[in-house]
Amino acid sequence: MSETVSRISIACRVNGEPRRVQAFPLERLLDVLREEMQLTGTKEGCGEGECGACAVLLNGAIVNSCLVPAIEADGADIRTIEGMAHGEQLNAVQEAFLECGGAQCGICTPGMVIASVALLERHPHPTDAEIREGLAGNLCRCTGYQKIFAAVVRACESISDKKWVSR
Amino acid sequence: MEEKFFGNSVIRKEGREKVTGRARYVDDLAFPEMLHGATVRSSIARGRIRGIRFGDGIPWSEFTIVTAADIPGKNEIALIEHDQPCLAAEVINHPEEAVVLLAHADRYLLEAARRAVQIDVEPLPAIFSIEDSIAKRAVIFGEDNVFKSYHVEKGDVDTAWAQADIIVEREYRTGAQEQLYIENQGMIAAANPADGVTIWGSLQCPYYVHKALVTLFGLPAEKIRVIQAETGGDFGGKEEYPSMIAGHAALLAWKSGKRVKIIYDRAEDMAATTKRHPSRTRHRTGVTRDGKLVAMDIDFVIDGGAYATLSSVVLSRGTIHAAGPYFCPNVRVQSRAVATNAPPHGAFRGFGAPQSIFALERHMDQVARALNLTPEEFRRRNFIRKGQTTATGQLIQEEVNFNALLDRAFRESGYHAKRERFARENPGATIKRGIGFSSFMHGAGFTGSGEVYLASVVELEATREGIVRILAASTEIGQGTNTIFSQIAADALGIGYDRIEIAQPDTGAVPNSGPTVASRTAMVVGNLVETAALGLKRTLVDSGLLCDACTEDEFVRACRRYIETRGPLRSRSQYEPPPGLLWDDATYKGDAYGTYAWAVYVAEVAVDTVTFEARVIDFVAVQEVGKVIHPVLAAGQIDGGVAQAIGMALYENVVWREGRMANGQMTNYIMPTAADVPPIRVFFEEQPYPFGPHGAKGIGELPMDGPAPAIVNAIENATGICVREIPATPEVLMEAMTAKAGALV
Amino acid sequence: MRAYIPAYDLRVPGSLSEALALLSREPGIWQPFAGGTDLMVLLEAGKLSHKRFLSVAKLDDLRGLEVTSADVTLGALTTYSEIQKHRVLQKDFPLLCAAASETGSIATQNRGTIGGNIVNASPAADSPPALLVYDAEVELVSARGVRWLPYHGFHTGYKTMQLATDELLRAVRLPRRVKKWRQYYRKVGTRKAQAISKVCFAGAALVEHGVIRDVRIALGSVAPIVLRAVKTEDAMCGSKPTPAVIAAAMETLAREIAPIDDIRSTARYRLRVAQNLLEEFLSQLAK
């Protein structure tokens, strides 16, 4: 067996809380979240950065946590699906997914919610094309994306209280 | 009964858990002292195992190691036939055969160990195509490589050719397709001789896994317990394969004395688990000059891979749907499922029908062309109607109005105006536009006497707080089982949707309501939920504790009174077939299905002549489904099925190398993204089916059948090229368009 | 996940000089690790045989975008997202922005870097054809000093390049000469988003009075390296893009590229589409 390196200490903020864990330097952030921190809401779908089921917000930007080495989490601010709701109060995207049928089997949903939140933070009134582009990194096999688009539109309306208009 | 929840888009029962990330899928579960398990597989497609070598540098004494010799019962995954081993012992028949299982607490070390095991296999000649299998280049199953064959005969095809003015013959092919549920397959097992075997897993059919483990371990039924965890997509891919992975996890648990979790990564899941059966269909069709079908001769072959598994049933459905929703007095369908040295192919939404319907609906356009009729006019002259018989001789007893479905689909899609505009604008255009359609049906429920054989059972029980729990083996896999059962039960009992709870499918606690397949869950099992709910209410009414018309509070009080004074409040409902259904398994004649959903789908495409890429621009799906239980969920089923079928038609190509899937990563196996799907516009017609709950028919698989031929018909409209295989990738279109252009020179 | 993770080391140097010193002391032992979007994929597939990595992700010397009137210099750690947001890049170097927007997904674009893309040296990379068209230069630093090389010629063969084992790529410089040129970029992938390219074409031409005065053409996925199609450029430079000239250029291109069959596509498809893209580019110049 080849020699092993030591675990390193990772200190970060996850969903607003300071966390400290030990991890191997090239351990995936996905595994740090799921195994070390027991935050199992973030999912593995492909392990190659294609499906987006592992998406989280790292220092405010959406990333695929299966492609981020643990060492990058040190000193970082991380938001996961567990941090999207405020206690029992769902955020606008989560409410919209419920109302519009945006979740079927639910396995892509955590990543899809993160991607939708990231999209609306970048484009509060996204066009149809911007919605498709914003979600293109998250694969869904159940919905054909139709009701997910509807959920993003509904969320956008409920956040801004204005009717969404496709440009 | 008031329809307060039925027909409304109530919030998904487990929706909150899913949007918050709290839903627990199998890989989210962990137990103390749990080991991880891994599978060592063959490296070649066919051969004899000569030895197993364990490499240096791994502390093997720390590992649990399992081979076929460790199997307490029979080395077999019990399903229909008995040919598939759980672990290969002497012979390898496909390149992903499991040979050795390993378990260890450290999953990184486990992976290093997996790579350090060598299976020495002495090669035997292998076959990889339908042609080679039929030609018996090597015989790998039985005497002739045929798992199953069917012969459907209606009228007298042989003499009917004489009545035909035109005969059209063509061959069509479909490739393998990977279900690509976003949650990889996984199981956790606890197993020991004293307590038996308990499984938690990602699965569709707990009782299928249960049956397989009974055989594998030689234990009585009550010693095996299978529990469904929240499951991240199935589409048939988790119908039979879970029995294999559950068996593996359980064998490791049995030998180690610890709980074992096996989770596949994407590469292993794609390569080793089942895919849609590749197919080859040959049509020979005779028509009169005025466009009436007089003879259909269909040869339908599917590639089953190395073991029989479900191929006979996939073949059955493909065979029955092969002649479509048309009336033809003389029909012959001969079909075979043949063996090749690929990992066994299995259930995938549609289950043989997408394959045979692709061929038929492409062929109908060809026959129309030969007759100089439009695709729709030819079909209008042959659509089946009430009072006519299908290819199996089933008398259609419901109103089927395909003309109306076609009219609506054309109206919603703007079909004629677009066709005319495209014909005007295409010459000289870089992007050629086209529009095409397909008309088809899908039989709901198990074929023939299948539902009688299943004898499904649903139970309900009430708590003293007035909560009613539904006990069924039907699984929620995203399609909305939990939600629609709750709607049905709430209305039947006259109580709130929130008073209904769905018990976790656990073979130790719920009766067998049959597998979650064949578009039967709403129609067949939903019906049982309703009758069981009505039965529960009847029990309360008959006991004098409740009136027929009661408030929710009265219901709750009655439950408490009943339980306090008489004991458990339960009801049970068992499947009874609709009257008058007759099916002959030997001749394959009669009433194949209780009912069919009928549909017309229209696809508009754009073909880029610079890159030869075809894209679906707009999609209209019109279907008659009996009754819509939940508008959002129902549309969601159509949306998702259409998207998967768009993948099947244009993008999803399995690249085979010596029986092995070479492109088993999401980077190289291409499913549509949010940027690739068109708007999918869904419309429902309702002709209530008397034997479905409130008239509902099954719809889960219907949307998989129609899109591919509609899309390829549209490509032909756009470019004039006649593509007869899917996926119609840009490479395929380039060769066809180049050949066509060359032929014109 | 098919790697023995505990065997992989990732060192984080505090400064560029510390990083270069380590590379100088132990050449070939340490490979640079930037965003990780390529290396982590290899790791998870069990295909990352190299075990010791040097993180450059925190080195400020490799960050930043500098604009002068003569050129724009991008630090090696500039991400695809940063490229797309930069106003001068959008105006002067639209092909690079187009390439960045079509690389992977937004999540990939937030992590992937231009330097990592160059050093990963995939012949299917999306940005390098744009860099070739723009006559990019690359800055290589080591403990021995600094040197600038033209990016054209940096790649010498499949996955081999003029980067010494003690060197790091620090920056990419784009001369601001092509603002008045007509520019074209088209990536043909397996689907509309998140696709590895089957053929990628970048072109820029200076057209005066209908004549092509100067031209740059570069392609991805049709050779062992990203390719500057100089013979095809020569075939049309000084000519009007008439149908005859276009046809001759297409034929020259066919002889200059070497597409292959692989799990994504076929040689015949790549050849045909590459020619079609050239035709499309040149036809646009004729307008």
Side-chain angles (χ1 to χ4, degrees), chain B residues 36 38 57-58 106-116 184 263-268 430 608-613 615-616 646-647 650-657 661-678 727 729-735 737-738 741, chain C residues 1-8 37-38 41-47 49 101-102 104-108 122 124 184 186-201 250 259 261-284:
Chain B
H36 294 277
I58 305 285
D106 180 341
R107 66 192 179 106
Y108 295 130
L109 183 60
L110 179 66
E111 172 55 27
R114 187 188 65 85
R115 279 185 294 178
N184 290 311
I263 307 283
Y264 286 177
D265 66 10
R266 183 56 62 180
E268 182 170 25
T430 306
D608 187 331
T609 57
V610 172
T611 64
F612 307 101
E613 292 167 296
R615 293 191 53 226
V616 183
I646 290 174
L650 297 176
Y651 301 99
E652 296 180 39
N653 190 31
V654 177
V655 177
W656 295 104
R657 290 202 180 127
M661 181 182 186
N663 58 332
Q665 311 126 275
M666 289 232 192
T667 311
N668 292 319
Y669 181 81
I670 304 302
M671 69 162 266
T673 67
D676 298 293
V677 292
T729 60
E731 287 76 8
V732 167
L733 296 185
M734 183 211 81
E735 298 292 349
M737 286 170 73
T738 308
Chain C
M1 162 49 87
R2 300 196 173 195
Y4 186 68
I5 294 287
Y8 289 86
T37 54
D38 286 313
V41 176
L42 290 172
L43 176 73
E44 297 194 50
K47 296 193 172 128
S49 45
S101 75
E102 295 198 44
S105 61
I106 291 172
T108 319
S122 166
Y184 171 100
R186 193 157 179 193
K187 168 182 167 178
V188 180
T190 46
R191 57 189 170 195
K192 199 154 185 250
Q194 277 216 114
I196 298 195
S197 96
K198 295 184 191 179
V199 184
C200 180
F201 186 106
M250 284 165 73
D261 290 336
D262 65 13
I263 54 178
R264 274 184 287 280
S265 187
T266 64
R268 282 167 62 98
Y269 176 83
R270 291 178 155 122
L271 172 60
R272 187 64 197 279
V273 173
Q275 290 179 304
N276 285 355
L277 295 179
L278 175 64
E279 184 181 18
E280 188 169 69
F281 167 55
L282 294 178
S283 304
Q284 286 179 12

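These figures come from a predicted structure and were not determined experimentally. Letters go in sequence order (proteins before strands), and every chain restarts at 1.
No more than 12 heavy atoms of other residues, nucleotides or ligands sit less than 6.0 Å from atom CZ of R268(C).
Interface summary for chain C: among I263(B), N663(B), N668(B), the most heavy-atom pairs under 4.5 angstrom belong to N668(B). Interface check for chain B: of the options K192(C), R2(C), R264(C), M1(C), the most heavy-atom pairs under 4.5 Å are formed by R2(C). With respect to chain C, the highest number of heavy-atom pairs below 4.5 Å among R114(B), M666(B), R266(B) belongs to R114(B). Residue with the most contacts toward chain C among D608(B), D106(B), L110(B): D608(B) (heavy-atom pairs, distance under 4.5 Å). Most heavy-atom pairs under 4.5 Å with chain C, from the set E731(B), M734(B), R115(B), R615(B): that is E731(B).
The pair R191(C)-E613(B) does not meet the salt-bridge criterion, since no charged nitrogen lies less than 4.0 angstrom from a carboxylate oxygen. Using a cut-off of 4.0 Å between Lys/Arg side-chain N and Asp/Glu carboxylate O, R270(C) and D262(C) are scored as salt-bridged. The residues R107(B) and E111(B) are annotated as not salt-bridged, no charged nitrogen and carboxylate oxygen being separated by less than 4.0 angstrom.
Contacts of A195(C) with chain B are absent, with no heavy-atom separation under 4.5 Å from either backbone or side chain. Contact annotation for E268(B): both backbone and side-chain heavy atoms come within less than 4.5 Å of a heavy atom of chain C. If you measure heavy-atom distances from I263(C) to chain B, the contacts under 4.5 Å come from both the backbone and the side chain. Contact of V655(B) with chain C is made through the side chain alone, with heavy-atom distances under 4.5 Å. With a 4.5 Å cut-off on non-hydrogen atoms, T609(B) touches chain C through its backbone but not through its side chain.
When every heavy atom of D261(C) is checked against every heavy atom of A267(C), the shortest pair comes out as OD1-N, 2.6 Å. Contact detail for P730(B) and T611(B): the closest heavy-atom pair is CB-O, 3.9 Å.
Ring pair Y184(C)/F201(C) is perpendicular by interplanar angle, where above 60° counts as perpendicular and below 30° as parallel.
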